[in-house]
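For reference, positions follow the sequence shown, starting with 1.
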Amino acid sequence: MRYDAVVIGSGAAGLYFALSASKKGKKIALVEKAQLGGTAFATGCLPVKKIMDKIKSYEKAKALENENLLKLNSDKEVLFKAGIKSLENIESFISDKLSRNNIDVYIGEGEVVSETRVKVNEAQLETEHIILATGTTASTVEGFAPIDHEVILSHESLLTMKQLTEEMTILGGNVEGIEFASMLSELGVKVRVIEKEAQILQGNDEDLIENIKARLINNGVELILNTEVTTIEKIEEEAVISLFNGESLKVKSLLVTGIRKPNIPKGIEELKLDMKSGFIKVDENLMTSRASIYAVGDINGIHGMAHIALQQGILLADYIWEGNQISTQYSSLPRCIFTINELAGAGCQEHELENCVVKKLYFKDTFRGLDSSYDDGFMKIIMQDEIVKGIWINSIDAGALVGNVGLWIDNKVSVEAIKRSLFIHPTLSEALIDAIID
């Protein structure tokens with residue numbers, strides 16, 4: 001069978017390349033060896049957020065229960081399973097998308113036989129372009145006991161647990177680690193986080209993470225900071241964690257976060273593609289050292305973020321068939337941490353700039369925010385020479401509030417331009433106007 005492009009991997013990068021290419025009238029094959037959707041949609045990013053959605057809905061409903069307007073089921077196990085159940089149809093949802101766009105799906109391991117051929121099971125797929133979108137897999141530090149999905153867990157094994165564990169130790173106070181610490185502690189799990197840095201969510205302004213940390217502690221999360229793990233061993237049914245200070249911990253459930261290894265497709269070694277730190281090296285247009293082969297998303301090691309992978313997939317289709325150049329310089333880099341109070345925004349943070357002007361406005365001081373759920377939520381605007389350099393929000397549903405902030409930063413929007421923009425009343429977005437005129 002001959003195709004305009006064969007895509008290996010159905011995560012954010014692969015899926016959106018395939019959809020974008022099919023819209024251009026191209027004949028596309030998509031190869032997936034496991035579950036349609038990959039980490040982005042099926043086994044990691046989205047499932048955690050869906051569970052958090054249930055928790056947030058539960059938190060809002062508690063206010064109604066306090067007013068005797070409804071009666072809640074307080075079983076947190078039910079809440080966890082409801083979040084998992086909300087993703088039961090994700091594969092069929094993706095499959096329907098692919099089918100409606102006339103994309104052929106091959107289930108099996110794709111092997112790159114040559115620069116223009118991919119083998120999957122017994123099928124030989126001829127093509128002009130091979131798109132590698134196989135992403136990464138959770139791993140442990142070299143020399144540590146590997147993930148066994150029973151005692152030493154990855155995000156995938158945690159999200160497929162039949163029931164909640166009573167205790168969980170999390171290695172890493174990074175974004176992934178803190179999102180899971182937030183989710184599990186809200187569900188009543190006793191959580192311990194071990195982080196080698198002196199602070200969780202390193203690299204963020206202190207005021208942006210203050211209430212996230214406070215809520216974790218209020219939920220009983222034990223934060224072991226400034227502590228390096230030297231070894232992890234599995235002894236019988238426990239993980240033994242040795243710390244740099246000479247102490248050791250024995251735990252029954254250990255979640256390893258922030259460590260990923262690339263999923264290199266079968267056959268790539270024979271083609272001798274250029275590599276960089278184990279990832280497939282690409283140029284600014286995501287082309288590998290072989291002109292017909294491209295690598296998109298986490299497999300190229302540029303950034304391990306689903307929204308970047310998704311965009312790379314879309315832009316690569318534009319580049320191949322329309323010649324539109326791609327840039328992998330993400331200057332504004334919009335991003336979000338999905339805890340209860342989310343931290344989201346784009347551009348610089350305060351600690352990264354000198355001689356900047358910072359304006360902060362709490363949502364409770366806006367007309368729409370006259371609600372207890374926004375008591376500690378706020379918007380922070382960082383400006384320099386009357387140009388907006390960064391906008392950051394710490395609030396419930398902050399990710400949904402930042403919108404196209406990255407576009408504003410990239411286009412060097414001025415304070416004056418924001419003043420001359422219209423913001424719908426009454427919405428939380430008016431906080432931006434209130435902060436600027438303050």
Side-chain angles (χ1 to χ4, degrees), residues 1 3-57 77-110 118 120-123 125 131-138 149 154-164 179-180 183 263 265 296-299 305-314 316-317 338 399-400:
M1 188 71 74
Y3 293 93
D4 293 304
V6 173
V7 186
I8 305 178
S10 67
L15 176 61
Y16 274 83
F17 173 87
L19 293 172
S20 299
S22 71
K23 297 295 185 183
K24 300 178 189 298
K26 305 302 176 181
K27 186 171 177 59
I28 306 298
L30 188 147
V31 180
E32 175 55 60
K33 72 174 184 178
Q35 188 173 0
L36 285 176
T39 301
F41 305 120
T43 64
C45 304
L46 184 60
V48 174
K49 280 63 173 179
K50 296 295 281 185
I51 295 169
M52 291 300 285
D53 285 345
K54 296 294 183 185
I55 293 170
K56 290 173 186 177
S57 295
E77 188 84 40
V78 172
L79 195 59
F80 174 70
K81 290 179 179 178
I84 298 296
K85 185 177 176 61
S86 66
L87 280 155
E88 280 184 347
N89 298 323
I90 190 67
E91 269 206 286
S92 61
F93 179 78
I94 293 171
S95 181
D96 288 346
K97 268 183 176 291
L98 295 169
S99 178
R100 289 197 305 272
N101 285 277
N102 299 311
I103 297 166
D104 291 344
V105 177
Y106 292 83
I107 301 299
E109 184 174 7
V118 173
V120 52
N121 301 325
E122 301 304 315
L125 312 180
I131 314 302
L132 308 178
T134 45
T136 57
T137 300
H149 303 293
S154 68
H155 60 86
E156 188 171 355
S157 44
L158 187 151
L159 291 168
T160 54
M161 291 191 306
K162 299 298 183 185
Q163 61 184 34
L164 281 171
E179 286 185 352
F180 274 107
M183 182 191 85
N263 299 321
V296 290
D298 293 6
I299 188 66
M305 298 184 182
H307 56 300
I308 288 178
L310 186 154
Q311 185 199 60
Q312 286 183 357
I314 294 170
L316 180 56
F338 291 89

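The salt bridge (Lys or Arg N to Asp or Glu O under 4.0 Å) analysis of residues 97-106, with sequence neighbours excluded, yields the pairs K27-D104. Among residue pairs with one or both ends in residues 5-15, those qualifying as side chain to side chain donor-acceptor pair (under 3.5 Å) are S10-E32; sequence neighbours excluded.
Closest approach of A5 and F17 over heavy atoms only: CB-CE2, 3.9 Å. Taking each heavy atom of A138 and S154 in turn, the nearest pair found is CB-CB, 3.6 Å. In this structure, A18 and I28 approach most closely via the heavy-atom pair CB-CG2, 4.0 Å. Closest heavy-atom contact between I94 and G37: CD1-CA, 3.4 Å. The two atoms that bring C45 and A306 nearest to each other are SG-CB, 4.2 Å, heavy atoms only. For the pair K54 and A82, the tightest heavy-atom approach, listed with the atom from each and the gap, is CE-O, 3.7 Å.
Inter-residue side-chain proximity for K49 and E179 is flagged as met; some heavy-atom pair is nearer than 4.5 Å. Counting heavy atoms from C-beta on, the side chains of L310 and M305 never come closer than 4.5 Å. Considering only heavy atoms from C-beta on, H155 comes within 4.5 Å of T43 through its side chain. Here the side chains of V296 and L132 are not in contact, with every heavy-atom distance at 4.5 Å or above. Contact of the I131 side chain with the I8 side chain is not registered, since no non-hydrogen atoms from C-beta on lie closer than 4.5 Å. A 4.5 Å side-chain heavy-atom check between L19 and K23 finds every atom pair outside the cut-off. Annotation: side chain of I55 is not in contact with side chain of F80 (no heavy-atom distance under 4.5 Å). With a 4.5 Å cut-off on side-chain heavy atoms, E109 and V120 do not count as touching.
Using a distance-only test at 3.5 Å, with no hydrogens or angles considered, no donor-acceptor pair links the side chain of S20 to the main chain of A317. The main-chain N or O of S22 is never found under 3.5 Å from a side-chain atom of N101 such that the two would form a donor-acceptor pair. In this structure, D298 contributes its side chain and A309 its backbone to no donor-acceptor pair below 3.5 Å.
The CZ atom of F338 lies 9.0 Å from the CG atom of D53; values are rounded to the nearest 0.5 Å. Atom CD of E91 is separated from atom CD of Q35 by 4.5 Å, given to the nearest 0.5 angstrom.
Between S95 and the options V105, I103, L36, a side-chain contact (heavy atoms from CB on, under 4.5 Å) holds for only L36.
Take E156 and apply the salt bridge (charged side-chain N to carboxylate O under 4.0 Å, His left out) test, not counting sequence neighbours, and it matches no residue.
Crowding of K24 atom NZ: a count of heavy atoms from other residues, nucleotides or ligands under 6.0 Å exceeding 12.
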**OP:** Run the numbers on K26 and N102 for side chain to side chain contact (heavy atoms under 4.5 Å, CB included), then give the verdict.
**Re:** CA-CA 9 Å; K26 305 302 176 181; N102 299 311; over 6 Å; no
Subject >> Test side chain to side chain contact (heavy atoms under 4.5 Å, CB included) applied to L15 and V7, step by step >> reply: CA-CA 8 Å; L15 176 61; V7 186; over 6 Å; no
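The aromatic rings of Y3 and Y106 sit perpendicular to each other, their planes meeting at more than 60°, with 30° as the lower class boundary.
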